[in-house]
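What follows is a single structure, written as C-alpha cells, with notes after it.
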Amino acid sequence: MKPNKPMLTVSAALELLLSAATPVAETETLPTLEANGRVLAQAQVSGMNVPSADNTQMDGYAVRAEDCAGGAATLTVSQRIPAGHVGQPLLPGTAARIFTGAMIPEGADAVVMQEQCELAGNLVTINHAPQSGEWIRRAGEDITHGSVILAEGTRLGSPELGLAASVGLAQLPLRRRVRVAVFFTGDELTMPGQPLAPGAIYNSNRFTLRALLENLGCTITDFGIVPDSLDATRAVLRQAAAGNDLIITSGGVSVGEEDHVKPAVEAEGKLNMWQIAMKPGKPLAFGEVQDAWFMGLPGNPVSSFVTFLMFVRPFILKLQGVRDPAALTPKAYALRADFDWPKADRRNEFLRARLNSAGGLDLFVNQGSAVLTSAVWADGLVDNPPGQVIERGDIVRFIPFSEVMQ
C-alpha cells in the first residue's frame, strides 16, 4: 500500500499559492471616483505640492511675529482672508483675519488662534507672543512635487482615493477585475426558497463565497449547483475555464465515492496541491484547468469560509496585482486567551473567538466545521499552532475578521 503523502503546513501552502499567482496583465483607466477597491497598474506621481502654498491651520489672525514680541500687541485688522482667497501683502503693525486653510499673506510669518485675541472694532489685541511659523502649514508639507504618492500594486481604499484626488488625479490606471467562476457540488444542496427534501440542506456556501468575492471586486460567473457526477463535474470545469482566471468550487474534494471534483480536475487539468494540515479546512485543492487556476474548497460551511480567508483571498489579491507582502498575509495580534483549550491537534487550528470587555478573547462553545453561527458570533480567528494546548491567560495569535474580509 502506497504511504500517504504528508500534508502541507499552512505557511508552506500559502507560499506555494502566492509563488504560482501572477497579476492579470490587462489594464484599464477609470475615473478616480470609480476606482474604490481596485489595484493600481502604475505608480502615481504628484505634479504639485500639497499644500500648494503656506496656509493656516487655525482660525485666527495672521501677523508678523516681531510685531507681537511683547505678548500684548494691539494691531489694526487690515483685511479678511477666507479659505480659497488670496490676501494682500501684510503691512507692519497690522493683522489679517484669517480662516482655516486660507493662504498666508506675504509678509506674515505666524498665526495666532482667535482664542488668544480680543477684537474691538478694527483693532485686535494679540495676547500671545507667537514664534515664527506658528500654526502655519508649509507648502509641500504633506506632498512634494515629483514624489511617488501611490506605489504600483496599491489596493485603493478611501484614504488612497482621497490622496489621489488631493493632487488632482481625475483618472487612474488599474488592473482589470479578476474573473472568477464558481460552482457547488452535491445532490443534497437546495437553494433557499425551494422545498427542503429529506436529507437535503440549503446551499449556504454559495452566498458566503459570492459575498467574499464581491468584497474583493471580482467579476463572478456562477454555474450554480452541479450534480454529484464525474461527467457533469468535468463538463462544468471546461465551461468555467473558458475566459476566467480562477475556478472556485465548494464540496467534492475529499475522498468519498461521491467526491468527484478532485478526479475531474486531474482529468481536465492537474492538481498541484491537496490537503492542508489545518482544522477546519483540511481538504483544500489547488491546480489548473486549461488556462484557469483552480481552488477546491471543502463543503462544510466553516471550512469553506476559513480556507477562503486564509488562502483564496491572498491568492486573488496577488492576481489583482497587490505587491505588498504584508497585504497578502493575515495580520495577527497578540491577545490574552480567557478560555482553556486542553486538547491539542496535530494540525494548525483556527478557532472562532471574539473580544470581551476585559480585553481578552472568549471562545465560541462549538468549534465544529459545520457550525456557521460560530463565524457570525466571532470577531476573528485564533491561529493555534499544531500540538498547542491553550490555558486561560496564555497569549495567542488573533486574526480579526476586519483584516481579512475586505
Side-chain angles (χ1 to χ4, degrees), residues 14-53 137-181 212-221 241-248 286 288 290-295 308-331 402-406:
L14 183 58
E15 183 179 355
L16 187 155
L17 289 169
L18 294 180
S19 65
T22 55
V24 296
E26 298 88 348
T27 63
E28 59 183 342
T29 299
L30 289 181
T32 302
L33 277 173
E34 299 175 15
N36 188 36
R38 303 292 293 276
V39 177
L40 272 179
Q42 297 173 4
Q44 297 301 291
V45 176
S46 175
M48 61 182 288
N49 287 325
V50 178
S52 57
R137 298 189 189 101
R138 295 299 183 187
E141 181 179 295
D142 185 9
I143 302 168
T144 57
H145 183 282
S147 63
V148 174
I149 60 163
L150 294 167
E152 178 185 349
T154 297
R155 189 169 180 231
L156 301 169
S158 51
E160 292 81 9
L161 294 175
L163 184 60
S166 74
V167 299
L169 296 174
Q171 295 183 316
L172 294 170
L174 309 168
R175 300 276 181 183
R176 70 155 170 83
R177 294 183 185 275
V178 172
R179 301 175 188 132
V180 182
L212 289 166
L213 290 168
E214 288 167 4
N215 291 346
L216 289 170
C218 299
T219 299
I220 305 167
T221 303
N244 287 298
D245 306 299
L246 173 64
I247 304 166
I248 297 176
F286 171 65
E288 303 165 52
Q290 298 176 24
D291 294 327
W293 295 107
F294 167 82
M295 297 190 77
F308 187 100
L309 297 182
M310 295 299 104
F311 298 108
V312 181
R313 180 181 181 273
F315 186 79
I316 288 176
L317 291 176
K318 184 76 179 292
L319 291 182
Q320 290 175 333
V322 172
R323 289 192 166 192
D324 181 7
L328 300 174
T329 53
K331 187 180 292 184
S402 59
E403 295 286 345
V404 288
M405 288 180 64
Q406 55 184 330

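Atom set for the values below is all heavy atoms of this structure, side chains included, hydrogens, waters and symmetry mates excluded.
How far CG of L309 is from CE of M405: 6.5 Å, rounded to the nearest 0.5 Å. Between the CG atom of L319 and the CZ atom of R175 there is a distance of 11.0 Å, given to the nearest 0.5 Å. Here the straight-line distance linking atom CG of L246 with atom CE of M295 works out to 7.0 Å at 0.5 Å rounding. Residue S46 holds its OG atom at 10.0 Å from CG of L150, rounded to the nearest 0.5 Å. Within the model, atoms OG1 of T154 and CZ of R323 stand 10.0 Å from one another, a figure rounded to the nearest 0.5 Å. Between H145 atom NE2 and M48 atom CE the span is 9.5 Å, to the nearest 0.5 Å.
Checking side-chain atoms of S147 against main-chain N and O of I149 turns up no donor-acceptor pair under 3.5 Å. In this structure a side-chain-to-backbone donor-acceptor pair under 3.5 Å is missing from R176 to V24. A side-chain donor-acceptor contact under 3.5 Å links Q320 to the backbone of L216. In this structure, S19 contributes its side chain and E15 its backbone to a donor-acceptor pair below 3.5 Å. The closest donor-acceptor contact from the side chain of N215 to the backbone of Q406 lies at 3.5 Å or more, if one exists at all.
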Solution key, residues 158-171 side-chain donor-acceptor pairs under 3.5 Å, sequence neighbours excluded:
{"residue": "E160", "atom": "OE1", "partner": "G157", "partner atom": "N", "Å": "2.9"}
{"residue": "S166", "atom": "OG", "partner": "L163", "partner atom": "O", "Å": "2.6"}

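Annotation: side chain of Q44 is in contact with side chain of L172 (closest heavy-atom distance under 4.5 Å). Contact annotation: the side chain of P173 never approaches that of T27 to less than 4.5 Å [non-hydrogen atoms, C-beta and beyond]. I248 is listed as a side-chain neighbour of L213, based on a closest heavy-atom distance under 4.5 Å.
Residues G243 and R179 share a closest heavy-atom pair of O-CD, 3.3 Å. The two residues A21 and K318 have their closest heavy-atom pair at O-NZ, 3.3 Å. What you find for L174 and A35 is that their closest heavy atoms are CD1-CB, 3.9 Å. Here the closest non-hydrogen pair linking A181 and N244 is CB-ND2, 3.5 Å. Considering every non-hydrogen atom in both V178 and I316, the closest pair reads CG2-O, 4.3 Å. Considering every non-hydrogen atom in both V39 and G321, the closest pair reads CG1-C, 3.7 Å.
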L17/V312 under side-chain contact (heavy atoms from CB on, under 4.5 Å): CA gap, chis, key distance, verdict:
CA-CA 9 Å; L17 289 169; V312 181; over 6 Å; no

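Note: W293 and F286 have parallel aromatic rings, judged against thresholds of 30 and 60 degrees for the angle between ring planes.
Of the listed residues (D324, N36, V322, L40), just one forms a side-chain contact (heavy atoms from CB on, under 4.5 Å) with R155, and that residue is V322.
Here E28 pairs with R38 in a salt bridge; the nearest charged N to carboxylate O distance falls below 4.0 Å.
L16 CG: more than 12 foreign heavy atoms inside a 6.0 Å radius.
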